[in-house]
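Notes to accompany the following structure.
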Amino acid sequence: MSLHGRDLVSIRDLSRDEVLSVLDSARKMVPLAEGSRSSDALRGRIVAMAFFEPSTRTRLSFESAVQRLGGRCLTIADAGATSMRKGESLYDTIRMLSSYADAIVIRHPNEGAARLAARASERPVINAGDGAGQHPTQTLLDLATIQEAFGTLTGLKIVLLGDLKYGRTVHSLAYALAEFGSEVILTAPPGLRLPEDHREELRRLGARLSEQSDLRKAVREADVLYVTRIQKERFSDEDEYHAVAGSYRVDAALLEDAKPRMIVMHPLPRAGEIAPDVDGTKHAAYFRQSFLAVPVRMALLTAILGAARRGN
Ligand code: NCD
């Protein structure tokens, strides 16, 4: 099925073939993302960035993707500067915005906000992170990174390390990995384990899921070590945060036992979970991962918005 005109709220909105087709088209867009070729695939199109939570990579890579394809952006980067300060609802804000743009990219602190926005909007809505919910476009670029490194998304062992309770990137990624038949190994401090409803649902979908609380053992097994930041902003209780803060750290010494081709990924920003001495190792893939955000988001936007309208 075509992605044209569709919303992307959860990674589960996309079939396996649709994911593969976005990744295929993203590979072809790498020279465009690097600026070595140009395109006007989104000429005449306006994409609204509705960001109600901090963002660097996600918003700027979406903006770069739109602009490199000849489109334009309308950006809300600070909710405090909008009429939501005057009490306007999210529903009304999005409804109005959808009459100014051809698609809306939304990030919001509340889980479910992107689903609500999709109902309010007359144009396609792309979820760029809803609280501890989902972050499907991050998953697409994570998959692109894995596929580029291994040539496949199947039969790999992926360790998800860190805040598996509040981390939306892992909530989306785990489903995609299950769908592609890779094994997911969960390594989280007590208190930050993947919530039971996700585990149950993943098992129901046939996911190969296990837990490994010993980080050294997990690293030895891994093809991919996917590290996440503790999502400090999601804790309702400061003691709960302090009980887990600094409880894991990946450094070059830890990687000495890793498989030679193992890659370390991180959606970024990092906040101490990956020591800078990992950057110079052959395992570090997180900066490549953050670059791939641009071609992947180009591919997605092109699929959702279709080719540029001619003659206007
Ligand atoms: C992530 C997010 O916002 O969920 N960042 C990103 O989009 N690259 C991860 C995080 O903030 O820890």
Side-chain angles (χ1 to χ4, degrees), residues 8-11 26 33 49-66 75-79 104-115 117 125-146 158-176 187-189 192 194-195 198 224-235 241 244-250 263-274 278 284-298 300-301:
L8 176 58
V9 173
S10 159
I11 193 66
M49 305 291 154
F51 278 68
F52 302 105
E53 216 185 33
S55 171
T56 308
R57 264 152 298 272
T58 304
R59 182 167 64 77
L60 296 182
S61 62
F62 261 114
E63 291 187 356
S64 174
V66 171
T75 297
I76 297 173
D78 171 12
I104 298 179
V105 178
I106 180 170
R107 168 170 288 190
H108 197 279
N110 297 345
E111 198 168 329
R115 189 68 72 195
V125 167
I126 299 172
N127 183 5
D130 63 323
Q134 288 272 316
H135 195 347
T137 66
Q138 178 71 40
T139 294
L140 291 171
L141 72 95
D142 293 343
L143 295 175
T145 309
I146 297 171
I158 319 279
V159 173
L160 302 181
L161 168 66
D163 185 349
L164 310 186
K165 180 177 181 184
Y166 296 115
R168 56 196 174 199
T169 66
V170 285
H171 293 165
S172 290
L173 182 58
Y175 284 93
T187 302
L192 293 182
L194 188 70
H198 281 296
V224 175
L225 177 62
Y226 190 98
V227 188
T228 63
R229 172 182 71 88
I230 296 181
Q231 308 284 295
K232 185 177 182 189
E233 65 277 27
R234 312 247 179 263
F235 286 71
Y241 171 71
V244 289
S247 56
Y248 56 93
R249 181 170 165 92
V250 174
I263 59 169
V264 179
M265 295 175 60
H266 193 305
L268 301 176
R270 61 178 152 178
E273 322 71 49
I274 299 183
V278 176
Y286 30 92
F287 291 119
R288 180 66 183 168
Q289 182 184 358
S290 63
F291 162 72
L292 288 173
V294 179
V296 165
R297 289 178 168 133
M298 282 178 162
L300 181 70
L301 288 165

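Indexing begins at 1, ligand by ligand and atom by atom, following the structure's order.
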Short side-chain donor-acceptor distance under 3.5 Å, Ser290 and Arg57 =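 Side-chain D/A pair, Arg57 to Ser290: absent.
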Going by atom types only, do Arg107 and Thr58 share a side-chain donor-acceptor pair under 3.5 Å?
->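 Arg107 vs Thr58: donor-acceptor pair found between side chains.
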Run through all N or O atoms in ligand 1 and write down each protein N or O closer than 3.5 Å, as a pair with its distance.
from, atom 1, to, atom 2, distance (Å)
ligand 1, 3 (O), Arg107, NH1, 3.4
ligand 1, 3 (O), Arg107, NH2, 3.1
ligand 1, 3 (O), Arg168, NH2, 2.8
ligand 1, 4 (O), Arg168, NE, 2.7
ligand 1, 5 (N), Leu268, O, 3.0
ligand 1, 7 (O), Thr58, OG1, 2.9
ligand 1, 7 (O), Arg107, NH2, 3.0
ligand 1, 7 (O), His135, NE2, 2.8
ligand 1, 8 (N), Gln138, OE1, 3.2
ligand 1, 8 (N), Pro267, O, 2.9
ligand 1, 8 (N), Leu268, O, 3.0
ligand 1, 11 (O), Arg229, NH2, 2.8
ligand 1, 12 (O), Arg229, NE, 2.9
ligand 1, 12 (O), Arg229, NH2, 3.2
ligand 1, 12 (O), Gln231, NE2, 2.8

Measuring from [X]:[atom1] to [Y]:[atom2], what's the distance to the nearest 0.5 Å?
| X | Y | atom1 | atom2 | result |
| --- | --- | --- | --- | --- |
| Leu164 | His171 | CG | NE2 | 7.0 Å |
| Tyr226 | Thr169 | OH | OG1 | 3.5 Å |
| Leu141 | Leu300 | CG | CG | 10.5 Å |

Output yes when Glu53 and Arg234 qualify as a salt bridge under the 4.0 Å nitrogen-oxygen rule, no when they do not.
->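 Yes, charged N to carboxylate O under 4.0 Å.
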